[in-house]
Amino acid sequence: MNIIKVKNISKEYKISKHENGFIGYIKHILNPKTETFKAVQNISFEIKEGEIVGYLGENGAGKSTTIKMLTGLLTPTSGEIEVNGIVPYKNRIENNFQIGAVFGQKTQLWWDLPVIESFKLIGSLYKMSKKEYESNLNWIIEKLELQELLNKQVKNLSLGQKMKCEIAATFLHKPKIVYLDEPTIGLDVLVKENIRKFIKEVNKEFHTTILLTTHDIKDVEELCDRIILIDKGCIIYDGSINTFKIKYSNNDFVTIFKKESESYIAKIKMNNEMQIVEETKNYIKIKYNSQKISIVEIIDLFKKYYTIENVETNEAKFEEILKDIYRGHTNVE
Amino acid sequence: MLNNYFGIIKSSFKKGFVYKIDNLLSIVNRIIEVSVLIFIWKAIYGGTVSINGMNLETLIVYYAVAYSLNHIMTWGINEYIASSIKNGRINMELLYPIDYMKYFFCYKLGMVLRQVMIISMPTFIILSVLFHINLSFHFINILFFVLITFLSIIIIFFIELIFGLMTFYTTSDWGLQVLKKSLITILSGAIAPLEFFPTIIAKIMNILPFTDLIYSPTTTLLGMNSITGISIILIRQFIWILVLYSISKVIYNTAIKNITIYGG
Ligand SMILES: Nc1ncnc2c1ncn2[C@@H]1O[C@H](COP(=O)(O)OP(=O)(O)OP(=O)(O)O)[C@@H](O)[C@H]1O
Ligand SMILES: [Mg+2]
């Protein structure tokens, strides 16, 4: 069942243009000039219940804008959204009951009160029964190891401790859908690990649907079954990580181990699709575009001059592929 | 589990207790202010029995009550809303499953309860002892005092909401806050009862909502208002509540649309 349905949504921001200074300001009031900026352009996707989807893209690609529309904080300029049967920007409050959200560095915890007080407040805001609240609370305290933090004031917590509490506050009412906008920003490896593990477990146990934006590729590789890649407001890829790697990795590496120690490289007819990265007595490392040339072809070329003892391939890292796309080195249809 | 409204009231109530020194200083501050005013008026009265129809004793009680209320009316939620807008916390608050206006009204109520308990009450008790105030208020007057004060809290809530949301349209949130404080301190009758202002100004003040924040409840408690006078106050309060509610609704709806697009 598709729990999130996004159909042809666009979001335009109005940017008011006025000249500097007081005169410019007056001019602007008398004759306001606005430009529109398309942050999200005609995107569509559907997410199944229980999926963890990575929503990726460069800074400024339109990720947060999309999430704000999904949570009902923003109304799309055009298009339709339905989250579990509710249109979020029309019935925001009703929608709020079924979702949870983490926005990077913003907090929903009460700064000057002990952490537990914020949890209590959330318990009553979401109208939980005493029993439900207590069982949810105990469950989350155990999972995120919060026992020692409960009675500390939020302002005294470290960044990582705060994020753990933030995540706890978000999941406390066991939402059906959770939006995580950069939940691991600025955290150390251990806390990241802890949070990832938690997200995975919640997803497994309660079938929680999760949409995650992050700039940490490990988050994606460990959590997501599927990624949606957005660039300048348009979706450029939607599918599994593996398919993505196969489709867009144009920088795979192959290392050929050879018997001969002398070099015959000069004799080999090289083409644009491959390039020697490193050559030693024992091996030659080649970078090649797997979309244009296959390993078999490469080996065929080298076979003529070398006795090949072994071949080792290293597929490109997910991160490298993304970088190439961001830099514009890889064309995505 | 508590009802969602009570949950907010309770959290907001607890929040201020953290700032023990601030609360203590507030009390000290109020007492010094009132003492200075009273000493000045003592000098002005000299041997005179009554000025503008008020004798010194009544004036002292007036100040004690007015300044106990003053803290509630001048320290509100506009600062909180302003900071919420500035640092983007408002986006998180809008994700709570409760109407934003109701959320902040409960927040304000919790705050008022706390202010009454740990600032207004102690201030009033200390002042009563210091200035030998006779506490024999009429029961009916106490009832009307509570009712009028409650309505004035609704009025001040909307004023604070409007001033808080206005921060979005100006860079000078500090200026807005000072403006709000001065408007209230001067026009509410905290500085002096309405009788001491020139007639024209008193007349204007009488139309505005500010006098009902401090002057009206205080004079009612002191038994200075007839039943007709009290009725007029209540009607005026209801009208202002409607007017301010409408204004803040409009400002809220336009502001929120613009606020949520920032940050992220
Ligand atoms: N209020 C606004 N007015 C005008 N333009 C805006 C506004 N908010 C965002 N934008 C623009 O819209 C685009 C998308 O912004 P968005 O915050 O969605 O990016 P993002 O993908 O979340 O980026 P990041 O990874 O940096 O968080 C950016 O180019 C940004 O400058
Ligand atoms: Mg973002």
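This structure is a prediction, so every number in the text was calculated from the model and none was measured. First the proteins, then the strands, lettered A, B, ... as listed; each starts at 1.
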Measure the shortest side-chain to side-chain distance between I99(A) and L95(B) over non-hydrogen atoms and say whether it is less than 4.5 angstrom. yes
Roughly how far, to the nearest 0.5 Å, is the CG atom of N91(B) from the CG atom of L74(A)? 8.0 Å
Is the gap between the ring centers of Y107(B) and W110(A) under 6.0 Å? yes
Counting only heavy atoms not in K232(A), do more than 12 sit closer than 6.0 Å to its NZ atom? no
Looking at W139(A), I'd like to know if its CH2 atom is crowded, meaning that more than 12 non-hydrogen atoms belonging to other residues, nucleotides or ligands lie closer than 6.0 Å. yes
Closest approach of M92(B) and T107(A), non-hydrogen atoms and distance? CG-O, 3.5 Å
Which distance, rounded to the nearest 0.5 Å, do you find between the CD1 of I8(B) and the CG of L125(A)? 5.0 Å
Side chains of Y96(B) and Q108(A): closer than 4.5 Å at any heavy-atom pair? yes
Trace of the side chain to side chain contact (heavy atoms under 4.5 Å, CB included) decision for R89(B) with K106(A): CA-CA 6 Å; R89(B) 190 180 58 229; K106(A) 280 169 208 131; over 6 Å; no
Are Y126(A) and N4(B) close enough that a side-chain donor and a side-chain acceptor fall under 3.5 Å? no
Under 4.5 Å heavy-atom distance to chain B, tell me which part of E132(A) shows up: side chain, backbone, both or neither. neither
Tell me if a side-chain donor or acceptor on R92(A) pairs with a main-chain N or O of L94(B) at a distance below 3.5 Å. yes
When rounded to the nearest 0.5 Å, the distance separating NZ of K15(B) from CG of L113(A) is 7.0 Å
With only heavy atoms counted, which part of Y5(B) is less than 4.5 Å from chain A, the side chain, the backbone, both or neither? neither
Can you measure from NZ (K257(B)) to CG (L73(A)) and round to the nearest 0.5 angstrom? 13.5 Å
Under 4.5 Å heavy-atom distance to chain A, tell me which part of F17(B) shows up: side chain, backbone, both or neither. neither
For I98(B), is there any backbone N or O sitting under 3.5 Å from a side-chain donor or acceptor partner on N96(A)? no
Using every non-hydrogen atom in the two residues, find where S124(A) and G7(B) come nearest and quote the distance to one decimal. OG-CA, 3.3 Å
For K176(A), I'd like to know if atom NZ has over 12 heavy atoms of other residues, nucleotides or ligands within 6.0 Å. no
If I measure from the heavy atoms of chain B, does T71(A) come under 4.5 Å with its side chain, its backbone, both, or neither? both
Between E117(A), Q153(A), E94(A), which residue shows the highest count of heavy-atom pairs closer than 4.5 Å to chain B? E117(A)
